[in-house]
2 protein chains.
Amino acid sequence: MTNELDPTDIEILKLLQQDATLTNKEISFKLHKSIATIHERIKRLKEQGYILRTVSILNRKKINKSLIAFSQVLLNDHAADTLAAFEREVSKFPEVMECFQMTGTFDFILRIATSDMDAYHDFYRNKLATLPNITTVQSFFVLSETKSDTAYPL
Amino acid sequence: MTNELDPTDIEILKLLQQDATLTNKEISFKLHKSIATIHERIKRLKEQGYILRTVSILNRKKINKSLIAFSQVLLNDHAADTLAAFEREVSKFPEVMECFQMTGTFDFILRIATSDMDAYHDFYRNKLATLPNITTVQSFFVLSETKSDTAYPL
DNA sequence: GTTGAAAGACCTAGTGA
DNA sequence: TCACTAGGTCTTTCAAC
């Protein structure tokens, strides 16, 4: 079986990125295909790793995660071991939802979710700033969410 | 019924943030509750807006979105109308997955998904840079993903 | 690759405890 | 909150095209 996507696969992925509670039946109706075809396609898309996982997205304001920060971190040593150690340790903090190594004037960008500025301060002081080899941390805070999507353009 | 979360609700949300394909039966087994209880809880969590939606997360490298950029945008005018107009227009671009208004030395941060640097360049030149009132755009590119989670800590 | 059919699993609402 | 019930829906498989 081929490992490339045809237009039906693309449409299925578009739909599931927006709403993964759609049943095979509903998708088959939208795409004018049989239920078995849709079932087979989705099974293959999961097996071949196109679909990584299916998750519920929560309303962060209702679960007391009102403050989102993006923190840019610069290290004072760029040996592979140092970078790997930072990645390993920072990933353990539950407040850190994302960690990317970046091009440019800093090394990493972190997305940090906390309840408020006090909680962020606590995280910064007692967790992030205790990691070795950090030169600077520059943080920016989300004032408002204009667009917040997990779907890639297809 | 109250609008606060008890420990069972928290556990359900934790599970569904990681894997929303779990059946009520599986969740009831993990949490040592009846299926009816789990069903009732999840229904309520959706109705009360704790669970916003359920989506499939795709493998961006397999769907030709290898390049992720974070772009910091500074505007030359901060009237409410200007901000709103920028938000409205930038949200229309499918490459823009996220747009947040931020505290600090710039106004917005955008997460942009494209296939490669050529595609990013095209987006920048023909879409983003054509919007009015932009003073500067500073972009950083993801070198590697250390952690990429949609789940909030609970 | 696609289809329809069929069996089994699951969802959902309701009852009574 | 639970156990149980029952109807309806969905998933999953498979022989056949």
Pairwise salt bridge (charged side-chain N to carboxylate O under 4.0 Å, His left out) hits with a residue in residues 144-154 of chain A, at least two apart: A:Arg60-A:Glu145
Phosphate contact (C:dA13 OP1 or OP2) by B:Lys43 side-chain N/O below 4.0 Å: yes
Using the 3.5 Å cut-off, write out each protein N or O paired with an N or O of nucleotides 4-10 of chain C and the distance between them.
residue, atom, partner, partner atom, Å
C:dC10, OP2, B:Lys25, NZ, 2.8

Residue list, side chain to side chain contact (heavy atoms under 4.5 Å, CB included) with A:Ile134, at least two apart or on another chain: A:Val73, A:Leu75, A:Phe86, A:Leu128, A:Leu131, A:Val137
Side-chain cluster (under 4.5 Å, hydrophobic types only) that A:Leu143 belongs to, other residues: none
Set of residues satisfying salt bridge (charged side-chain N to carboxylate O under 4.0 Å, His left out) with respect to A:Lys92, sequence neighbours excluded: A:Glu89
For chain B, the stretch of DNA chain D it reaches, first to last nucleotide, under 4.0 Å of its heavy atoms: D:dT1 to D:dA3
Partners passing side chain to side chain contact (heavy atoms under 4.5 Å, CB included) against B:Thr150 (at least two apart in sequence or in another chain): A:Arg53, A:Val55, A:Ile57, A:Thr150, B:Ile57
Residues forming a salt bridge (charged side-chain N to carboxylate O under 4.0 Å, His left out) with A:Asp6, sequence neighbours excluded: A:Arg41
Rounded distance in Å - CG (A:Leu31) to C1' (C:dT2): 14 Å
Interatomic distance, B:Glu40 CD vs C:dC11 C1' [rounded to whole Å]: 13 Å
B:His39 side chain, from C-beta outward: closest of C:dG1, C:dA13, C:dT3: C:dA13
Partners meeting side chain to side chain contact (heavy atoms under 4.5 Å, CB included) with B:Pro94 (sequence neighbours left out): A:Pro153, B:Lys127
Partner of A:Ile38 under side-chain contact (heavy atoms from CB on, under 4.5 Å), chosen from A:Leu31, A:Leu22, A:Leu15: A:Leu31
